Amino acid sequence: MYLRAEFSDVEAAAAAVQTVSGAGVDKRDVEVFSARPVVFEPGILDRPSRMSLLAVFSAVVVGSGSTALMFYTQLDYPLITGGMPLNSGWATGVITFELTMLGAILGTVGVFLWESGLLRKNRSPAPAIRDDVITMQVRCDQEGAERLVRLLTDSGAITTTRVEDAS
Amino acid sequence: MSEQLVPVSEIQSTDDNVPRWGMAIDLDRCTGCEACVVACHVENNIPVATEDEAAMGRSSHWIRIDRYYEGTFPDIKVKYRPVLCQQCDDAPCEPVCPVYATYQNAEGLNVQVYNRCVGTRYCANNCPYQVRVFNWFDPEWPEPLELQLNPDVSVRPGGVMEKCTFCVQRIQRGKLDAQAEDRKVGDGDIQPACVQGCPAEAMAFGDLTDPESKVSQWAGVGRSTQLLGELGTKPKVFYLEKSD
Amino acid sequence: MTTLATTLNGPHRRVREDVLHPLEGLSFWYLASAAFFSALVVWALFAWGCQIFLGIGVAGIRRPVFWGLYIVNFVFWIGISHAGTLISAILRLTDAGWRKPVTRAAEAITVFALMIGGMFPLIHLGRVWLFYWLIPYPNDRLLWPNFRSPLVWDMTAIFTYITGSVLYLYLPLIPDLAEMASRSQGWKSRVYRLLSIGWTGSDRQWHSLERAMKLMAAMILAVAVSVHSVVSYDFSMSIAPMWHSTIFAPYFVAGAIFSGIAALILVMFALRKFLNLGRYLRPVHFHNLSKLLLLMCLVWLYFSASEHLTVWYGNEHIEMAVFNARVHGEYAPYFWLMVACNFLIPFILLGIRRLRTLGTIAVSSVAVLIGMWLERFLIVIPTLSYSALPAAWGPYEASWVELSITAGTFAAMALFYMIFAKIFPIIAIWEYDEDVSAS
Amino acid sequence: MDRRNFFKLVGTASGGALTGACGKQAQELIPLLVPATEIVPGAEEWHPSVCSSCAAGCGTIVRVMQAERKIEVEGETVRQPIAAIKKIEGNPLDPVSGGRLCARGQAAVQGLYHPDRLTGPRRRAGARGSGDFELVDWETALSEVAAVLAGVDRRRIVYLTSAGMGTGSATAARFLDSIGAPPATTIGVNDFTVERRASQLAFGWDGLPVYEIQDATYVLSIGADFLGGWASPVFYSRRFGHMRRGRPGIRGKLVHAESRFSQTAWSADRWLPVAPGGEHALAMAIGHVIVSDKLRESDQAGESLRQAFVATDFSAACKASGLEEKRIRDVARELASSMSPLVLAGASIVRPGSSRAVTAANELNLLLGNIGAKGGVMPPASLPGGLTAERPAYRPLEEQIGKAEVVMIDGVNPLYAAPWLAGSLAKVELVISFAGFLDDSAAHADWILPDHHELEASAGVIPLMSPTPALTGAPAFVKPLHETRATPDVLVDLARRLDAAIEPVTLDSAYASLHGQGTDEESTPADFIDQARRQGGWWERERPADAHRTRTEPLGDWDPPVSDPAYPFAFQPYPTLQFGFGGESHLPWLQQLPDPASSAVWNLPVEVDPATAEQLDVRNGDTLRVISPSGELEAPVYVNPAAIPGVVSMPIGQGHGTFGRYASGQGANPLSIVDPVPEQETGVPAFGATRVRLEKGTTKQRLVQYAAVDRQPHPHR
């Protein structure tokens, strides 16, 4: 089951996050919903990401893959043009570069879709988007709920509601 | 001088049985009579450009006579030279084609594969000699003119680039004849239509790798030059300049 | 301490009203102009049809000018496409706050300009029905494209660029789509919901979105620069006089940004006027952009001058033929008009502070667009018509087909933009929110 | 000859095909009982033939292959395999062409498959010249024509023909003789009457001299554009090539004197821009220098001749020739001091004094003593046997046609090449044309009995000039495409209907008449004929001995330079290398061939010098009106940097009223504004003597130039 608490301002939400995590709730069970990006101080609710790394990886894969294709095809069907060597970085470097960038872009977008959870199947229930409040959602079990509600209200939640699992 | 004129190429075949076709044109013999131009049209099924087309600069000639007046009357001279595809070793037209419609074959011919061409016309832009001819429309031959068409040469559809082939069909024929009589192709056995027809016998065609061939002999003399040779295209057509 | 309650009746609600208002209803004038532009586009398509069925010869291209208006337009539109991505990417990276109302408008320009520009290489083909022979895939011809050809470089570059910029436009659109979904009913809501791929506004999503956008901005920047360099390679890789030049790549990129900014400014004027977004597209935006425009104007002058000076001083007869055709010869009127449009007008109107008003900014933007189109024209045509052998020189004259298609593409641009602005909020609401709440 | 061509000719032996498909020597030998015309070869065949595009008579070989022809068979089109002609090349065995061929010869095949050929005999339906005819069958045509001929006074039949000589002209001669009509006559244009007369006067030769330029070291050519539109371009181009670079270490020099920057002029090492009509004076001046400066010893020139040259007023001559004295002296010295000098004389553009001019120029060779010498002048090689006798010659035409009842037009187009005949021709009761196309003259005929195309007919041709006696033969080897008939056959038929039976002069009979005449080894008549058919002609090895006799009667003086304030410009129409005198204008290949001087296609311009153009304020492509006392025309102008100031030239070839879809209504005919004063010695119309004035034109004329318009070099500014 989940607990939802609505806060009217960022600071309150931040405080709540800290108290809750202080109370031993795993930060991965905490989610904050808002109509626009909510900026917490670093360390309050960080979300680790491998986006850059994976982007570079995908860039290397696609780039070298395309280069390999060019190399193979030009050897496979060797036609001399303009007295150029069959394979030369000068003649095909541009394509290598472009496809490396393409790899990077696709990688980034892919990772974005994954890390943002937009692609995941088992997703926790989400409140409707409201631009007047910040909603915080904590997953917990029945017995811990009472204590968490108290903590949240203390840290300035306007309202708190319980949400049962869909299951 | 002559060293620079002998066509050297990275792609020069190691197998010395493979010829490298070249041409030499003696401008001192040439009278600019344009017999070569018509001979080429007859041989290669080149469509006739109507007056309107010609007015748009769409005459199709695989070989043409460039002429420049020099000086003023009465001491005026005219420089003229037959210009056809120079069959460059390092042809600028080849690498720019995205679909390999034009490339250099083993015998040094700058081949144009009509069926592959999609008509980007990049090759024509990049040919400093402007010898590439584009088919702006599908060609037409009012009946019964089509009876004359040479069955050895394909008729090109619209939207396709074409150019002088050194009469590759005649080269092929020459090689097959030689093969059938199992002998080597002799110098002069193969003559493109323009060379064959030239009344002043101003054109020589043959194998540049054979130092004894007429074309090599001609290409070697002091008067021999290459058109726009400074561009480094390594043409295989040599011009023997006029001189008295 | 900023509570949402305090800002609730503040700018946030207003931005929603202002930005979302234009999306409702279809005015007479909207429909009328849409019809007009569509008519032009249809006519252009008809012209293209003629060209396909009757033969490429119905266009004005001829020996020796084998490339004509099609390639001119191609380069021009690809140039325009640099408006968006490049601008918004630069601003995003430099985190210029004032960019926020501008970015989406700019990125939309990029996508449409690319779609249009990308068509021209096809329109220009002699046998367009075989265009797919340029695409590398295992085929029954047992032949792969010639990767040494700048045209294939071009194809990959543009493909990368259009993929990148579509995504770059789409990602920041997602939150707004979600919001649209929650604000609209019925099928509209469903469509928006679908497009918003289940955006819930969780902090995870916000984090990765921000991160992705930062990365994308950097990449798009690199791609954009490379794309226009590659376009310039189409010319500079060939040995034609005044094409075979090392300056072309940066020259083209600069020119592209130049024309891109001008296009952006004009689009913003249009939005400001027709969607009355005056409150968001404020004079400060125009002034900032106009300063950029002025800068690029000087950069353009610098490149252009070096190009011509080099040729003139070298006095190499083959190149001088082209030079003289441009500067003294039959193309001189275009040349000097270009100089006026690309340098004199913007430099005077924007350089002198007292003269720099919204009006003059608009005027100089129009001038720059005209000037840059002429520049492309002057790069493509004279070189071809004055090739190396004087005996092969020849003039060029565009036919009705080329002109119709050219006109059609401008109409298409307007049409696409109208439709886009009718379906999506032209200002990124959430970014604007962020901006406001930050202040 | 190279082995490829050798194989070709073996291939044509006795109608068999030896050169096989794909290089495999298919050895099938087609039996002789199958006439060649019935064979549709799968693989290519090469048949010997002869080119009739001009009088030169180049021997050719013709490539025949299978093609499919679409024909209507009760309503539906079926594809019929026929033997089609693909290409014409020179016959390597032929002494004239030597395996080469000019632009016109190459293009001839297009005439065979021309879409506008006449497909059968026609009777005039509308008014004359309306070009409105009805198709009739041969029987009606011949019977009706015969009926008319039966009724007329045979002495009032005029038979107009070309300078071409051979079995055709011989048969025509027999026909005319048999029905009691006067012999055929040429139209006075493009028939080399002037050159023949000059050869007569200078050397006492009957026929055109043969100039051995290939062995000469210095050639001065006066008046003849022998590399362009004159007599035998292929023959002389070959010799020119050899003269220039054919001999190791020796390069022959060519100096060309003509009133136009012609093909020959631009190939020459030096061009002497002689004033129109100044050729005679030039020849005299040069002769004067040679004789009076004793530059060359020669026993061939008689004393009277030497005196004539000495007596010439040098400076006056130079003045009349329009050249500086120094130039002339230099040329005379170089000429006389060269090892084997030669003067080649002719009149591409006929003027009143042309015969004398050519005579004087020819006689320079006597001063140089090169008659019969290596690299000198050779006598005409006249054919043994009867054929040469019936050469068509020119007889003054106006009055002939004026009182003629019937005019037969065979192989010429007088209404184009001699438009001044139109008036008198219009009065003739019956005009019969044998033209294969509806050309200007055929349009004015009452009957058109279309001849075969040259490639469909069997004919023997005597070359206009050849190093040795020659009869070049073309057996028929393809089926006629249309319902046409060979004119000789038609004439024989007509003769029969007029109860004057004649035997046609066939190729074989012509060959037979030559058997044993030459110096070739003994062979049976059958072998002799077969050999001749196989190689494409009979060519004597020995060249005729030179038996020249010099002139005794004095030669008239040169014409004084004319000047006419009303008509300030000299107007010279000239034959072009692509159209000759307009005979090939109907071939698209030649229409689209850039004109050598102006690079114009599909139309031909008036050529004026830059200064004149400046005066008239006209540029390339502007229209110019050319007005002569006897007419005017409008044509686009080409500012020719090499044009002689005050001389307006115009190529002949355009301006056909009707001549197939490609030539009809294209451009203007320069001959149409000519008033033909008779040439003094021969009476042929001197079409080069007209004077004109120029105005800016009013109509819009189109000048399409293939090459870029000549531009000035670029200034560094």
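Keep in mind that this is a model prediction, so the values were computed, not measured. By convention in this document, chain letters (A, B, ...) are assigned in the order of the sequence lines, proteins followed by strands, and residues within each chain are numbered from 1.
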message: Is Phe235(D) close to chain B through its backbone or its side chain, or both, or neither, when contacts mean heavy atoms under 4.5 Å?
response: neither
query: What part of Ala268(D) gets closer than 4.5 Å to chain B, counting heavy atoms only: side chain, backbone, both or neither?
result: backbone
field: Interatomic spacing from CZ in Arg244(D) to SG in Cys30(B) - rounded to 0.5 Å
entry: 10.5 Å
Side-chain heavy-atom pair Glu34(B), Gln578(D) within 4.5 angstrom cut-off: no
query: Going by an N to O cut-off under 4.0 Å, is there a salt bridge joining Asp269(D) and Lys77(B)?
result: no
Side chains of Arg245(D) and Arg223(B) in contact at under 4.5 Å (non-hydrogen atoms): yes
message: Contact between Pro588(D) and Trp141(B) at the side-chain level, heavy atoms closer than 4.5 Å - yes or no?
response: no
task: Please look at Leu112(D) and chain B and tell me whether the side chain, the backbone, both or neither of the residue comes under 4.5 angstrom of a heavy atom of that chain.
output: neither
- prompt: For Ala200(B), does its backbone N or O pair with a side-chain atom of Arg238(D) as donor and acceptor, under 3.5 Å?
  reply: no
query: What part of Leu481(D) gets closer than 4.5 Å to chain B, counting heavy atoms only: side chain, backbone, both or neither?
result: side chain
message: Less than 4.5 Å apart, side chain to side chain, heavy atoms only: is that true for Val601(D) and Glu51(B)?
response: no
field: Rounded distance [0.5 Å steps], CD in Gln110(D) versus CD in Gln148(B)
entry: 7.0 Å
message: To the closest 0.5 Å, what do you measure between CD1 (Ile46(B)) and CH2 (Trp589(D))?
response: 9.5 Å
query: With side chains defined as the heavy atoms from C-beta onward, is the minimum distance between Pro594(D) and Arg64(B) less than 4.5 Å?
result: no
query: Between the side chain of Arg67(B) and the main-chain N/O of Ala597(D), is any donor-acceptor distance below 3.5 Å?
result: yes
- prompt: Given that the side chain runs from C-beta out, which part of Leu149(B) has a heavy atom under 4.5 Å from chain D: side chain, backbone, both or neither?
  reply: backbone
query: Quick one: are Pro641(D) and Phe73(B) in side-chain contact, heavy atoms under 4.5 Å?
result: no
message: What part of Phe261(D) gets within 4.5 angstrom of chain B, counting heavy atoms only: side chain, backbone, both, or neither?
response: side chain
- prompt: Is Val38(B) close to Leu101(D) at the side-chain level, that is, under 4.5 Å between some pair of heavy atoms?
  reply: no
- prompt: Side chain, backbone, both or neither: which part of Val195(B) has a non-hydrogen atom closer than 4.5 Å to chain D?
  reply: backbone
Mutual orientation of the aromatic rings belonging to His61(B) and Tyr706(D) [parallel < 30°, tilted 30-60°, perpendicular > 60°]: perpendicular
message: What part of Ala265(D) gets within 4.5 angstrom of chain B, counting heavy atoms only: side chain, backbone, both, or neither?
response: neither
- prompt: Given that the side chain runs from C-beta out, which part of Ala54(B) has a heavy atom under 4.5 Å from chain D: side chain, backbone, both or neither?
  reply: both
Flag for Gln592(D)-His41(B): side-chain donor and acceptor within less than 3.5 Å: yes
message: How long is the straight-line distance from CH2 of Trp271(D) back to CD1 of Ile76(B), given to the nearest 0.5 Å?
response: 7.5 Å
field: Non-hydrogen side-chain atoms of Tyr80(B) and Ser267(D) separated by less than 4.5 Å
entry: yes
query: Rounded to the nearest 0.5 Å, what separation is found between the OG atom of Ser59(B) and the CD atom of Gln705(D)?
result: 11.5 Å
- prompt: With only heavy atoms counted, which part of Leu145(B) is less than 4.5 Å from chain D, the side chain, the backbone, both or neither?
  reply: both
- request: Could you give me the CA-CA distance, side-chain angles and deciding distance for Glu89(D) and Arg170(B), then say whether salt bridge (Lys or Arg N to Asp or Glu O under 4.0 Å) is met?
  value: CA-CA 14 Å; Glu89(D) 291 179 1; Arg170(B) 284 170 172 242; 2.6 Å; yes
field: Proximity breakdown for Asp52(B) and chain D, heavy-atom pairs closer than 4.5 Å
entry: both
- request: Say whether, by atom type as modelled, one donor and one acceptor occur between the side chain of Trp602(D) and the main chain of Ala49(B) under 3.5 angstrom.
  value: yes
statement: Whatever's closer than 4.5 Å to a heavy atom in chain B on Ser97(D) counts as neither
message: Taking side chain as everything from C-beta outward and backbone as N, CA, C, O, which of these in Glu68(D) sits under 4.5 Å from a heavy atom of chain B? Side chain, backbone, both or neither.
response: backbone
query: Checking Asp152(B) against chain D: side chain, backbone, both or neither under 4.5 Å from a heavy atom?
result: side chain
message: As an exercise, state the distance from NZ of Lys70(D) to CD of Glu143(B), rounded to the nearest 0.5 Å.
response: 4.0 Å
statement: Given the options Glu44(D), Lys86(D), Arg63(D), Asn150(B) meets side-chain hydrogen bond (donor to acceptor under 3.5 Å, both in side chains) only with Arg63(D)
